[in-house]
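First the structure, in the form of structure tokens, and then the observations on it.
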Amino acid sequence: DECYTQIQTIYDPEIPVNIYELGLIYEVNGDVDNNVHVLMTLTAPNCPAAESLPAEVEEKIKAIEGVLRPTIGAYMPREDGSLGLLLDVGLNADCKPENLNQFATLGSLFAKYILNFDNPKVALINLGEEEGKGNILAQATYPLLKENRHINFIGNVEGRDILLAGADVFVCEGFTGNIILKLAESIYDLTKRRNIDDEHFKRFNFEQYGGVPVLGVSKPVIIGHGISHAMSFKNMILIAQRMLEKDLLGKMKESFTGQA
């Protein structure tokens, strides 16, 4: 009862109705270890509600010990047919270098065990490839990524590299990531309006992937689009199933042991 009471204090930022009364909460269960499991639906990552609701629900879903902030990743279809992972895409608009360093570790594990890259290449999104380029955040993050023994860091990449195979995991703060995500989402709509029939551009249809992962929390969490249909729900379930089968969360916990 206390869990439901707390959840009813979280309101949709666009209308004065709490997320429980909106029907976003499907189920709340507690186990013998006092862990709370919330089954819910969320709006799309490019919607203002999706930037605020996960942060509040995060209080109900325990973060992995040692993780400073969970992150949301998004898939970037590349020209070679593979998927890259971009993170953060809106959950953390302002970040510290330590946050981006942890996002890189989380994203690398997801890319390895879910996207099937043997040794994922991790890159920092920047305005130039040379070390020392970028704003204060990028300059401070680079040496942390360079020293991170959990990742295969290849250096800086520019925006033009994101939809190519320049890297497998692209790291940035959520402000930049959300702008990139929305730009990528517009590609599919643009090609449909102009009647362009191209297999590559069809891969920018979000329905193919179901939803985007929230990484850094102790249970599988997938954020789906607010207008998702049956195919999206099926693919969200398959992603969550694969995360469990690969014990992805256990591997994440191992990587952050001793960092709390």
Lys96 and Glu98 ion-paired at < 4.0 Å: no
Classify the side-chain pair Glu173/Thr176 by whether it contains a donor and acceptor separated by less than 3.5 Å. yes
Residues Arg78, Asp168: salt bridge by 4.0 Å N-O rule: yes
Look at the side chain of Lys251 and the backbone N and O of Lys246, then say whether any donor-acceptor pair between them is shorter than 3.5 Å. yes
Using a cut-off of 6.0 Å, state whether more than 12 heavy atoms not belonging to Lys121 lie near its atom NZ. yes
Note: Arg242-Glu245 ion pair, threshold 4.0 Å (strictly below): no
So which atom in Gly66 and which in Phe256 form the shortest heavy-atom distance, rounded to 0.1 Å? O-CD2, 4.0 Å
According to the interplanar angle, ranging from 0 to 90°, do the rings of Phe201 and Phe204 count as parallel (below 30°), tilted (30 to 60°) or perpendicular (above 60°)? tilted
If you look at every heavy atom in Val169 and Gly107, which pair is closest and at what distance? CG2-O, 3.7 Å
Neighbour count >12 (heavy atoms, 6.0 Å) for atom NZ, Lys202: yes
With a 6.0 Å cut-off (strictly less than), is the heavy-atom count around CG of Asp118, excluding the residue itself, greater than 12? no
Over 12 non-hydrogen atoms of neighbours within 6.0 angstrom of CG in Asp94: no
